[in-house]
Amino acid sequence: MQPINRMKIEFDSKSTNEAFARVVVAAFAAQLDPTLEDLADLKTAVSEAVTNAIIHGYEQKPGTIYMECILYSNSIKVIIEDHGVGMDDIDKARTPAFTTKPELERSGMGFSVMESFMDSLYIESKKGKGTRVTMTKKFFRD
Amino acid sequence: MALDITIKQENQVLTVYLKGELDHHAVSKIKDAIDLQILKTPAKKLVLDMSGVTFMDSSGIGLIVGRYNRIRSLGGSMTIKNPSQTLLKILKMSGIDQLMKIN
């Protein structure tokens, strides 16, 4: 499958950038004319991944988040990467309601939301190196 | 993208009106304001009116469960009002509809 468009940005790991990231991805995806429901799903999943990078990847300390979007004729691939602390047990992190930060009232539903709202989710992580989340969404137009 | 919050108390009901986008950034700013009102008032029921919420991710779930636990520890209850269909999807996915009334 050949990409028809792509974009790459990087931004600071600040919570104000959660909204920025999801709006940017939605604006980029809009050229495929997705339904509002698909767009809402995409924005939610992007927000989850960026929030994870800020809270868990960089533990709310300064860092850089790298985001890449690749458009295909009827789908989008979004890659969100941090160079933070990383994880040693991805399966545990994917367990619904599991959180390492209960004191911050994290629901532990981030990966479950990404899984549920996107069509595929692939997580790579290395302790001390960082985490990369790759997810795709197929668009079914009205 | 700011989240506006209005809190009204009538008799024993504390109603929190949210307007805007409910993400981790917004949640960290409003959590304490709601908790303060819960502790300050004799309210036995917390109502979260979400008619003005245009976006929510799992940070919103954390906010809701946290406030639910707090009001329950004081012997009260909690209800969510007027979520959009998009919000309802994430509320149901996370099992919030099993914890409290949504209408």
Side-chain angles (χ1 to χ4, degrees), chain A residues 11-26 35-60 65 80 93-118, chain B residues 1-4 16 18-36 38 46 48 50 52-73 78 80 83-100:
Chain A
F11 49 87
D12 288 350
S13 62
K14 293 181 174 173
S15 63
T16 45
N17 285 333
E18 293 156 6
F20 167 74
R22 62 179 180 260
V23 168
V24 163
V25 174
T35 63
L36 287 178
E37 189 182 352
D38 282 344
L39 220 42
D41 289 352
L42 177 65
K43 283 172 72 177
T44 308
V46 168
S47 199
E48 297 292 354
V50 171
T51 302
N52 272 355
I54 293 168
I55 295 178
H56 300 286
Y58 290 116
E59 299 183 308
Q60 304 196 79
I65 296 171
I80 294 167
R94 288 179 86 136
T95 308
F98 172 80
T99 181
T100 54
K101 306 242 184 273
E103 73 281 5
L104 294 180
E105 292 189 346
R106 301 304 303 162
S107 65
M109 294 300 290
F111 283 130
S112 301
V113 169
M114 286 181 241
E115 232 163 26
S116 166
F117 285 25
M118 300 293 275
Chain B
M1 305 289 175
L3 183 84
D4 293 331
V16 178
L18 299 175
K19 191 179 175 190
E21 303 198 341
L22 195 52
D23 60 8
H24 154 246
H25 180 69
V27 164
S28 59
K29 295 191 181 314
I30 64 164
K31 198 166 64 175
D32 292 346
I34 300 173
D35 284 351
L36 190 66
I38 291 174
L46 176 65
L48 202 57
M50 306 191 83
V53 177
T54 53
F55 172 87
M56 185 178 88
D57 62 17
S58 69
S59 300
I61 300 301
L63 174 85
I64 293 167
V65 173
R67 307 298 69 71
Y68 169 79
N69 289 336
R70 191 164 291 267
I71 195 85
R72 287 265 297 177
S73 72
M78 184 172 170
I80 293 176
S84 67
Q85 282 305 311
T86 311
L87 261 60
L88 203 53
K89 190 171 164 180
I90 195 164
L91 289 170
K92 285 187 173 172
M93 202 211 100
S94 55
I96 294 282
D97 57 329
Q98 306 295 312
L99 283 181
M100 64 194 81

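All chains are named by letter (A, B, ...) in the order of the sequence lines, taking the proteins before the strands, and each is independently numbered beginning at 1.
Using a 4.5 Å cut-off between heavy atoms, A:Asp41 touches chain B through its side chain atoms alone. Contact annotation for A:Lys14: neither backbone nor side-chain heavy atoms come within less than 4.5 Å of a heavy atom of chain B. Looking at A:Ser116, the atoms closer than 4.5 Å to chain B (heavy atoms on both sides) all sit in the side chain, from C-beta outward.
Not a single donor-acceptor pair under 3.5 Å links the side chain of A:Glu48 to the backbone N or O of B:Asp57. For A:Glu18 (side chain) and B:Asp23 (main-chain N/O), no donor-acceptor pair under 3.5 Å exists by modelled atom type.
From B:Ile90, atom CD1 reaches atom OG of A:Ser112 across 10.0 Å, with rounding to the nearest 0.5 Å. Atom CD of A:Glu115 sits about 9.0 Å away from atom CE of B:Met93, to the nearest 0.5 Å. The distance from the OG atom of B:Ser28 to the CD1 atom of A:Ile55 is 8.5 Å, given to the nearest 0.5 Å. The CG atom of A:Asn52 sits 10.5 Å away from the NE2 atom of B:His24 when rounded to the nearest 0.5 Å.
When each of A:Thr51, A:Ile54, A:Val50, A:Thr44 is scored by its heavy-atom pairs under 4.5 Å with chain B, the top score falls to A:Thr44.
Pairing each heavy atom of A:Ser15 with each of B:His25, the nearest pair is OG-ND1, 2.5 Å. Annotation for A:Met109 and B:Ser94: closest pair CE-CA, 3.9 Å, computed over non-hydrogen atoms.
A:Glu37 and B:Thr86 form no side-chain donor-acceptor contact under 3.5 Å, judged by distance and modelled atom types alone.
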